[in-house]
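Below is one structure, written out as structure tokens; comments come after it.
Just so we're on the same page: letters track the sequence lines, and every chain starts at 1.
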Amino acid sequence: MKLYNTLTGITEEFVPADGKTVKMYVCGVTPYAPVHVGHALSYVAFDVLRRYLEYLGYQVEHVQNFTDVDDKIIQRAKDAGVEPEALADQYIEDFFHNIDALNVQRAHVYPRATQEIEPIVETIKGLVEKGYAYPVGGDVYFRVNSSDEYGKLSHRTLDGMIAGARVAVDDQKEHPMDFALWKGAIAGEPAWDSPWGPGRPGWHIECTSMAMTYLGASLDIHGGGQDLIFPHHENEIAQSEASTGMKPFARYWVHNGLLMLGEDKMSKSLGNLVSVKEALEEYTPDCLRLYLLSSHYRSPLHYSDEGCAAMERSGDRLRHALRLDNNGGGEPLDPGRCEARFFEAMDDDLNTPRALAALFDLAREINRGRDAGQEIKGCQDTLRRLGGILGLTFQGRDSSGEDHLAAKPFIELLLSTREELRRAKQFDLADNIRDGLDRQGVIVEDTPQGARWEYHPTD
RNA sequence: GGCGACGUAGCCAAGUGGACUAAGGCGGAGGUCUGCAAAACCUCUAUUCGGCGGUUCGAAUCCGCCCGUCGCCUCCA
């Protein structure tokens, strides 16, 4: 398949270094707030990438970290009067709960920065010994000038960055762009021992260390949101390549576009976010996936209720095509053309909008084939299989909640009365019951198997 | 200020030089089904791709300028 590589700026044929095992590291969250739909966009995109690579026959080794020590966690924990570790635990649990609900396959390893301090310190030690980093005042900084390739991922130069004039001046640092590998301890904050005194890891070094610990010195794919390209991933490259002397640290850098809410990107720091939990209260997991996959993974996507609601209906369309039964035993319908279009789209830098279009066309052909009396079973199996590569479950809204509705026996009593009235051709009275229920939020639909109803609270 | 992305139907969104006389979804309009509805299905729904120039036999697709939107340069998926 072809993948766009941020490092080279072009779409390249992707093949893992050893031809069969894909080492994939995806940047995880800093757990101090509920996981939001923007995170979901990223993890669903990489989930689809992984599922597709596995479908192609590769074995994927998937590692995703938690940055469980950082300024924001410490601050939030202080505000909430809990230990930073407890706060992180709470949001890691939230992360798993919601990401599982979205049918995202779990990574094989989820290292946590706080549990990897030893290898992190070792990595920093090595960088200091080789002259790529220097300790000063309890901190350790990476010497940005030690690499003439610094800026190769984000495609910018040190001069250009400084011209931005938003670089904080710090007299301790040799160069304004030097970044912290180790931060000296501040009283009352979590700290670990190190050769430079007590402190904690900087933001970027943990990923370098954990990626190497669990996947080795060279990764096939390193992923994350586009907002991580600079400085996070740029710094990771600098550290990692300096540390091992091996280039490239990651062969393919894959970045997803950012989710927008209103005029800005959805982000924890701006506070304009919709949590996955909130979204799942309104929409099915398939609906959210369809929505997140309806635009290309590298494009920005605007989140909206209207958009999600539209996707719920399009999801119904796919589900319905799978529910149909054969209507006569005619010629089997051939899914080949749609299937080929699906794979062609997926091969082309994971073009999920086009892949979805192929799925919708397949659904239409199933509907048409059924009406024409053709054998549709094979096409339905294909639709289910291809949808599975996109992580779709084809599960509709769970209607079991209605069992708990206190009014259920009364509704069913009214409906059986209505059924008798209909049989007696007393349609005015029957329609009265239907309209009356409708006003209470109970939607009645007649089917060959009898009346179906659904409760939609009217708020 | 520097770097980058984008602007396609009422809305979302593919397509990036020639079978595009522009996918797909939502919405809308007709139809089938139904006692009537609903749901579902089927059909139709952009002579045109932000604007103006240019290159080319040929441009939504390449180049230039203009207008507009967004991202990164600071924590962020």
Side-chain angles (χ1 to χ4, degrees), chain A residues 6 9 26-30 32-33 35-46 64 67 70-72 75 151 154-157 159-168 177 203 223-232 234 255-260 263-270 273 290-291 293-296 298-302 304 306-318 320-321 323-324 341 345 348 351-361 363-364 366-368 370-371 422 425-428 430-431 434-435 438 443-448 451-454:
Chain A
T6 308
V26 179
C27 274
V29 295
T30 304
Y32 68 87
V35 62
H36 66 245
V37 187
H39 298 132
L41 168 63
S42 184
Y43 300 125
V44 164
F46 286 101
Q64 184 170 322
T67 302
D70 115 311
D71 293 346
K72 295 240 170 80
Q75 188 57 49
S154 51
H155 304 288
R156 49 186 94 184
T157 61
D159 289 345
M161 291 179 225
I162 293 162
R166 289 213 265 167
V167 179
M177 294 307 294
W203 177 31
Q226 279 171 353
D227 52 355
L228 297 181
I229 295 172
F230 191 90
H232 186 53
E234 192 69 62
H255 292 100
N256 61 274
L258 302 176
L259 188 75
M260 313 290 292
E263 295 303 297
D264 301 293
K265 74 164 172 171
M266 188 179 285
S267 83
K268 285 186 283 197
S269 33
L270 289 172
L273 41 83
L290 285 169
Y291 190 56
L293 298 174
S294 70
S295 92
H296 185 82
R298 285 192 284 115
S299 302
L301 173 66
H302 285 86
S304 73
E306 300 73 47
C308 285
M311 277 305 155
E312 197 72 86
R313 271 166 262 138
S314 67
D316 286 340
R317 202 176 157 72
L318 297 177
H320 192 266
R323 272 203 303 269
L324 293 174
R341 280 175 49 215
D348 184 11
N351 194 323
T352 53
R354 239 162 70 208
L356 281 174
L359 256 39
F360 284 111
D361 281 339
R364 175 179 293 111
I366 289 170
N367 293 329
R368 270 201 290 234
R370 190 201 93 108
D371 289 350
R422 288 181 70 214
K425 306 245 185 271
Q426 305 247 34
F427 294 120
D428 284 354
D431 290 352
R434 183 172 67 199
D435 295 345
D438 189 81
I443 315 296
V444 177
E445 288 173 19
D446 295 315
T447 75
R452 271 188 53 210
W453 61 275
E454 257 176 60

Closest non-hydrogen atom pair between A:Gly225 and A:His255, with its separation: O-CD2, 3.4 Å
Interatomic distance at C1', B:A46 relative to B:G10, whole Å: 12 Å
For atom NE2 of A:His255 and atom P of B:C70, their distance in whole Å: 23 Å
Intra- and inter-strand pairs of RNA chain B in dot-bracket (Watson-Crick or G-U wobble, both distances under 3.5 Å; | for another strand): ((((((((.[[[..)..(.....]]]((((((.......))))))....[[[[[..)....]]]]])))))))....
Touch class at under 4.0 angstrom, heavy-atom based, for A:Tyr43 against every strand present: sugar-phosphate
Spacing of the C1' atoms in B:A59 and B:A22 (rounded, Å): 13 Å
B:G24 versus B:A13 - spacing of their C1' atoms, nearest Å: 8 Å
Non-neighbouring partners of A:Ala345 that pass side chain to side chain contact (heavy atoms under 4.5 Å, CB included), sequence neighbours left out: A:Asn351, A:Arg354, A:Ala355
A:Tyr291 side chain near A:Ser314 side chain, heavy-atom distance below 4.5 Å: no
With sequence neighbours excluded, residues passing salt bridge (Lys or Arg N to Asp or Glu O under 4.0 Å) with A:Arg364: A:Asp361
B:C70 to B:C75 separation - P atoms, rounded to the nearest Å: 23 Å
Touch class at under 4.0 angstrom, heavy-atom based, for A:Gly223 against every strand present: nothing
A:Ser154: side chain to side chain contact (heavy atoms under 4.5 Å, CB included) partners, not counting sequence neighbours: A:Arg156, A:Ile229, A:Phe230, A:Glu234
Sugar-phosphate, base or nothing in reach of A:Glu306, heavy atoms under 4.0 Å: nothing
Closest listed nucleotide, where the reference is the side chain of A:Phe230 and the choices are B:G24, B:C72, B:A77: B:C72
Integer angstrom distance from the C1' of B:U21 to that of B:A40: 32 Å
Sugar-phosphate, base or nothing in reach of A:Met266, heavy atoms under 4.0 Å: base
First encountered from the 5' end of RNA chain B, between A:Ser314 and A:Val37: A:Ser314
Length of the line joining A:Lys265:NZ and B:C72:P, which is rounded to integer Å: 4 Å
Rounded distance in Å - CG (A:Asp71) to C1' (B:C75): 8 Å
Donor-acceptor contact present, side-chain A:Lys72 to main-chain A:Thr30, <3.5 Å: no
Sugar-phosphate, base or nothing in reach of A:Gly224, heavy atoms under 4.0 Å: sugar-phosphate
Along RNA chain B (nearest heavy atom to each residue), the more 5'-positioned of A:Ile229 and A:Thr67: A:Ile229
Touch class at under 4.0 angstrom, heavy-atom based, for A:Lys268 against every strand present: sugar-phosphate
Whole-Å distance separating the CD atom of A:Glu263 from the C1' atom of B:G68: 12 Å
Integer angstrom distance from the P of B:C11 to that of B:G51: 15 Å
Residues forming a side-chain hydrogen bond (donor to acceptor under 3.5 Å, both in side chains) with A:His296, sequence neighbours excluded: A:Asp349
A:Asp435 atom CG, neighbour heavy-atom count above 12 within 6.0 Å: yes
Whole-angstrom distance between B:G25 and B:U43, as gauged at atom P: 10 Å
Interatomic distance, A:Asp70 CG vs B:C75 P [rounded to whole Å]: 10 Å
Closest to the A:Ser269 side chain, choosing from B:G25, B:C75, B:C70: B:C75
All side chain to side chain contact (heavy atoms under 4.5 Å, CB included) counterparts of A:Ala321, not counting sequence neighbours: A:Ala363, A:Ile366, A:Asn367, A:Leu383
Under the salt bridge (Lys or Arg N to Asp or Glu O under 4.0 Å) test, residues paired with A:Asp264 that sit two or more places apart: none
Results of side chain to side chain contact (heavy atoms under 4.5 Å, CB included) for A:Arg370 - residues two or more places apart only: A:Leu324, A:Asn327, A:Ile376
For atom CD of A:Gln226 and atom C1' of B:A77, their distance in whole Å: 10 Å
Nucleotide-resolved protein contact map, nucleotides 31-44 of chain B, B/S/- at heavy-atom distance under 4.0 Å: ----BBBBSSSSS-
Sugar-phosphate only, base, or nothing, as touched by A:Ala357 at under 4.0 Å among non-hydrogen atoms: base
Distance, C1' atom - from B:C66 to B:U74, rounded to whole angstrom: 32 Å
Test salt bridge (Lys or Arg N to Asp or Glu O under 4.0 Å) applied to A:Asp70 - qualifying residues, sequence neighbours left out: none
Backbone N/O of A:Arg317 and side chain of A:His320: donor-acceptor pair under 3.5 Å: no
Listed partners of A:Lys265 passing salt bridge (Lys or Arg N to Asp or Glu O under 4.0 Å), at least two apart: A:Asp227
Footprint string (nucleotides 3-17 of chain B, 5' to 3'): B base within contact, S backbone only, - free, heavy atoms under 4.0 Å: S---------SSS--
